[in-house]
Each structure stands twice: as structure tokens, then as C-alpha cells.
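First the proteins, then the strands, lettered A, B, ... as listed; each starts at 1.
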Amino acid sequence: MITPRTLKGFRDLLPAQALARERVLGIARDVYRSYGFAPIDTPALEYLEILTGKGSEETDKQLYRFTDHGGREVGMRFDLTVPFARFAAQHIASLGTPFKRYHLATVWRGENTQRGRYREFMQCDFDTIGTTSPVADLETVLVVHDLLVAIGLERFTIRVNDRRILAGLLETLGLTDQTTVVLRCLDKLGKQTPEAVGRELASHGVAAAAADQLLSLSQLGGTSAEILAGMEPLVAASETGRAGVAAVSALLAGLDAAGVADGRVTLDPAIARGLDYYTGIVLESFLDDLPGLGSICSGGRYDNLAGLYTKQSLPGVGASLGIDRLLAGLDELGRLETAETPAEVFLAQFDAAHLGDYLRIAAALRAAGLAVDFYPEPKKLGQQLKWAGKKGFRLAVVIGSDEFAAGTAQLKQLATQQATTIDWGGDPERLAAAVRAAVAT
RNA sequence: GUGGUUGUAGCUCAGUCGGUUAGAGCGUCGGUUUGUGGUACCGAAGGUCGCGGGUUCGAAUCCCGUCAGCCACCCCA
């Protein structure tokens, strides 16, 4: 006998979990579409050379890779952005720019697992390429905001920053070639003390005076206006830095103009992002109640990514919802729905002699747009109802020989056990209309 | 990948200094006069004690390995 089991970091989803995931996927799809993003798909496997060296050394290590039966070096995608860059470079001639796409798909990373951190998980990406317009940056943040609101989150914060601000300071300090290292160090400020980060910077050869300036930039606090004011003198000597500050300032103003509530999006100079390819604005999103979970939706502007595959300039900006991490967080917060059925209506099989009537009724209900589960056995009604209640149906339709004779039906709200009797006179369409009204309440 | 920690019925756990057929609650299934569920009563099923070795007369209990979960590092969704 072979032990049934799954690989480390790979999971089965039971109906309740799969329903929750599909629900959020549907929301993401709807929000992305509402901004005009179009769906695409790409293969799970790519030539290894497409995937390596694009994210960072770390992602190269985490890449699932193998040699296929034809001797090709193959990798499994570890995110959706790098495959998209390849996709864009390959198809841009027929796509035209600007091009907006979304992509909901599974990715794989061979790293160590933890809560909300798996080796196989889904991402919900959306990106706009072919434009450097600040409007695209603004729209990216708006989409993330709308998405988190549509999911039903109330307590979340989107933190934004612009990499050019730090890049400007690094330029001023003559540390441009150490950008990646410095970014990684500063990214830890949420978890480590400034002193510890300062020591780590020093260990990488950053002079104390320079480290002080970097830390003071990253630790700027207060209102967005105060943070912006604090940034200006630090980057005044750098055109790049000034551009970054201006971009963030314009972004915040745009969000305000778009009606985004105060506090939903905050300027956080410490947000830097580990991936090498970001060049402009960066954003991360956190559940206020679970800061330790990490970012559930992150992104930014990357103006050089597609340059690895084409000479054509393809700037891009976008973000990605980590749906499995989000669901792990919602589960921990007790915010996941427990229904194990996608159907709202339970049709009891009361009297086997009326099987044909039940089938006609079920068909009429389905034709009316309702999802209906008809119980397959004429079991004791109590048992059928108990089963229906556990599965999470909203409404039970109970029609026995008495009801058939009288042309009535009992509609029972399973959550409250409240039952009402309606007349349908043997007309399945009338019954369907009544059931639809009952489900809607 | 490195370090730490945990692993007993579907779930949450108990198992005393290693000692005979491993327990509880919840859940599940059946029943409590053949038309109505979440409360009550009765009964039942369900465990290779993660897996594999070792020590021992004897191991769920000790040792080693391995797999998996969690935590930190790392990195990120």
C-alpha cells in the first residue's frame, strides 16, 4: 500500500478552501477587468535561461529545474512577471502598447515553508506595459485598493514608496553600485532595530555617515507631507531622487483625488522590495491584524525588465495578489466562509414516488439561475436536513405528498430553521420564482 | 538551504518512573413509534501512537534517521 501524502509545501484544497479561493479569484478577475485588463496565459514551464537571473540570486536558488526528455534545460515559473516579460517581448508587435493584462496562475518556489508560504501557490498579477505614465502608476495602486476592498477587507494598509528616492540618495553618496545590498538591508527595518541594520550596512563597507543618512531616510515618519518634506533635503543633489519624490507626491495627490480614503495608502520610506527589477514606485499591502504574515499584494514599476529579451523599450508597472497567503490570513482571522457546497438550494427527496416531479422542479430552479442539489436517496427527512445544514446550503425546498396534493411547498432557511409555505400550484416556474426570492433574502 | 520546535482516532488533546486488549470531549454513523436537522438519551464504528531503524524481557514513552507542520534566519505572495 502506498501512503497517500503530498509533498512539502504542496497542498490539497478541500471544498471549503477551494470555494474560498475561487471566490477571491473571481473578485480579482472582476476588478482587473473593470479597469480593462485582459486575461492571458503562459506555460508553467519555460526554458531555464528565460527564468534565471531575473529576480535575484535567491529566486535562482528556489527555481524548480530539470532536464526534459529532449535534453532541454527547463524551469518552472516562480512568478508571473518574468514570464510576462518574455511574453511581451515575443508578442508586442501584435499587442500594441500600452498593453494591460491580468494573469491568475500557479507558481512554484522551492523554498522552506511556513504559514502562508508554500512551494506551490497562486498569484493574481496585473500589469500595464508600454507606458511610463504616472497615471499607470496611480491606476496600479487604485486597482490594488479596489481589489482589497472588494474582497471585503476592512483593516489593511497599502504602503507605497519610490525606489528612485533611495537611488537618488545612493547616487549622492556614491553607493550606486551597492544598491541591491543596501536595499536588502533597509528592507529589514520592520523586523530589526536601526542599530542592527546600521551594523549590517557597515559590514558591507558602507561608511557610517552614509549609513546614517540612509537610515534617517528610511525612518522618516509622520504624515505623508512630513515624510515628503524630510525626503527632499536628503535627495536634493540628485535628479533621480527629486524625480522619485515628485512621483510619490503626485501619486498620493492622485489617490486623494480619486477618492481613496485617508490611511488606506501610506507613504513608507522603508518599503524597498527585494526583487532587483523594480525601478520606480513600489508597493506592499498588509493586513493590519496580521502584520507578521507579510505582504499579501505587492508590486511596482519596472522599466527595464523586458529589456532582457528585446531591444524595444518596454516599461511596465503592476502588482500581484498572493491569494494563498491572503487566504491563510483570512483563515487565521476566522474570516473564511465555511460552506462546503457551491449550491444555495437543497431539494429534499421526500417521496420517491414523485421522483419525476423533483427532477422537473430541479430543472426549473436551475433554469432560473439557481444552483440546486437534489438529494439522491429518499432518506429520512431529518437526516437530509441535517446533511444540508452541515454543507452550508442557504435554503431547503421540502415538498412531500401532502404538498404535492395541495400545490404548496415548504421553503426552509437552513441557518435559522425558519420555514414558510408558498403556493405554486404545480407550476415549476412559479416555484422557481418564489425560491429565488427566498434565496435573495 | 541553516537552526529550533512539534507530530497519539476526522478535530482538540490526555497518556504518571518505558510494563499486559492506548483513553476523553467534539465530530461521524445507527437508534429513541415509517413527514423535518443544530438541544436530550442509548448504541456503534474509527488509531500501523507520522514513517523506518535501534536500545530493551518489554517503547506511544529512550536513541538515530527520515517525512511533514510551525517558528527564526533568509527571502518573499
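Donor-acceptor pairing under 3.5 Å, judged by distance alone, is present between the side chain of A:E403 and the base of B:G35. Between the side chain of A:Q410 and the base of B:U36, at least one donor-acceptor pair of N or O atoms lies under 3.5 Å. Side-chain to base pairing of A:R325 with B:C76: one donor and one acceptor N or O lie within less than 3.5 Å of each other. Not a single donor-acceptor contact under 3.5 angstrom links the side-chain atoms of A:R117 to the base of B:A77. At a cut-off of 3.5 angstrom, counting only N and O atoms as typed in the model, there is a donor on one side and an acceptor on the other between the side-chain of A:E111 and the base of B:A77. At a cut-off of 3.5 angstrom, counting only N and O atoms as typed in the model, there is no donor on one side facing an acceptor on the other between the side-chain of A:K386 and the base of B:U36.
Between A:F126 and A:Y32, the ring planes lie tilted relative to each other; the angle falls in the 30° to 60° range. Using a 30° and 60° split on the angle between ring planes, A:Y358 and A:F404 fall in the perpendicular class, above 60°.
In this model, the phosphate group of B:G69 is approached by a side-chain N or O of A:K8 to a distance below 4.0 Å at OP1 or OP2. An OP1 or OP2 oxygen of B:G30 is reached within less than 4.0 angstrom by a side-chain nitrogen or oxygen of A:K379. Checking the phosphate oxygens (OP1, OP2) of B:C70, a side-chain nitrogen or oxygen of A:T113 falls inside 4.0 Å. Considering only side-chain N and O atoms, A:R5 lies nowhere under 4.0 angstrom from the phosphate OP1 or OP2 of B:C67.
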>> Applying side-chain contact (heavy atoms from CB on, under 4.5 Å) to A:L283 and A:S285, what does each step give before you reach the verdict?
In response: CA-CA 7 Å; A:L283 68 97; A:S285 319; 4.1 Å; yes
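Residue A:S298 has its side chain nearest to B:A77 when only B:A77, B:G37, B:G35 are considered. Of all nucleotides listed (B:U28, B:G37, B:A77), B:G37 comes nearest to the side chain of A:L385. Between B:A72, B:G37, B:G31, one nucleotide has an atom nearer to the side chain of A:K380 than all others, and that is B:G31. Here the nucleotide nearest the side chain of A:R109, chosen from B:G37, B:A77, B:G35, is B:A77. Proximity note for A:V398 (side chain, C-beta onward) versus B:G35, B:C75, B:U28: the nearest is B:G35.
Taking the C1' atoms as reference points, B:G18 lies 41 Å from B:C74, given to the whole Å. Annotation: B:G46 and B:C11 have their C1' atoms spaced 13 Å apart (nearest Å). The same atom, C1', is picked in B:U48 and in B:U5; the two are 25 Å apart, to the nearest Å. Spacing of C1' atoms, B:A72 relative to B:G25, comes out at 34 Å, to the nearest Å. Across B:A9 and B:G50, the matching P atoms stand 8 Å from one another, rounded to whole Å. Here the separation of B:G52 from B:C13, taken at their C1' atoms, is 26 Å to the nearest Å. Only the C1' atoms considered, B:C29 is 23 Å distant from B:A22, to the nearest whole Å. Only the P atoms considered, B:C73 is 46 Å distant from B:A40, to the nearest whole Å.
Nucleic acid contact for A:Q383: sugar-phosphate only, since backbone atoms but no base atoms lie under 4.0 Å from a heavy atom of the residue. A:R11 comes within 4.0 angstrom of nothing in the nucleic acid, heavy atoms only. Using a 4.0 Å heavy-atom distance criterion, A:Q413 is classed as a base contact. Note on A:G9: only backbone sugar-phosphate atoms sit closer than 4.0 angstrom, heavy atoms only; bases stay farther off. Residue contacts for A:I323: at a heavy-atom cut-off of 4.0 Å it reaches no nucleic acid atom on any strand shown. Using a 4.0 Å heavy-atom criterion, one finds that A:A415 contacts the bases of the nucleic acid, with or without backbone contacts as well. Among the atoms of the strands shown, base atoms are found under 4.0 Å from some heavy atom of A:G389. Within 4.0 Å of A:D351, counting heavy atoms only, lies no atom of the nucleic acid at all. Counting non-hydrogen atoms under 4.0 angstrom, A:G116 reaches a base of the nucleic acid. At the heavy-atom level, A:T106 lies nowhere under 4.0 Å from the strands shown.
Between A:Q384 atom CD and B:C29 atom C1' there is a gap of 16 Å when expressed in whole angstrom units. Per the geometry, CZ belonging to A:F10 stands 15 Å off P belonging to B:C67, to the nearest Å. With rounding to whole Å, A:L283 atom CG is found 10 Å from B:A77 atom P. Rounded to whole angstrom, the span from the CD atom of A:Q114 across to the C1' atom of B:U6 amounts to 14 Å. Remark: P of B:G35 and CG of A:L347 are 18 Å apart, rounded to the nearest angstrom. In this structure, the NZ atom of A:K412 is 14 Å from the P atom of B:G35, given to the nearest Å. In this structure, the OH atom of A:Y118 is 11 Å from the C1' atom of B:G69, given to the nearest Å. Spacing between atom CZ of A:F286 and atom C1' of B:A77 amounts to 11 Å, rounded to whole angstrom units.
Searching all strands for a Watson-Crick or G-U wobble partner of B:U2 with both distances below 3.5 Å returns B:A72. Across all strands shown, B:C13 pairs with B:G23; the Watson-Crick or G-U wobble distances both stay below 3.5 Å. In this structure B:G43 sits in a base pair with B:C29, meeting the Watson-Crick or G-U test at under 3.5 Å.
If you take CG on A:L293 and CG on A:L326, they are separated by 8.5 Å, rounding to the nearest 0.5 Å.
Within the cation-pi definition used here (under 6.0 Å to the ring centroid, within 45° of the axis), A:R101 qualifies as a partner of A:F84. Judged by a 6.0 Å distance limit and a 45° cone about the ring axis, A:R264 is positioned over the six-membered ring of A:F156.
Remark: side-chain polar atoms of A:T179 are paired, donor with acceptor, to backbone N or O of A:T176 under 3.5 angstrom.
Every residue two or more places apart in sequence or in another chain that forms a side chain to side chain contact (heavy atoms under 4.5 Å, CB included) with A:F10 is listed here: A:L7, A:Y64, A:W108, A:R119, A:E120.
A residue-by-residue look at A:M122 and A:L7 shows that A:L7 has its nearest nucleotide of RNA chain B further toward the 5' end.
The six-membered or imidazole ring of A:F87 lies near that of A:H91, with a centre-to-centre distance under 6.0 Å.
Centre separation under 5.5 Å together with a plane angle under 30° holds for the ring of A:F121 and the six-membered base ring of B:A77, marking them as stacked.
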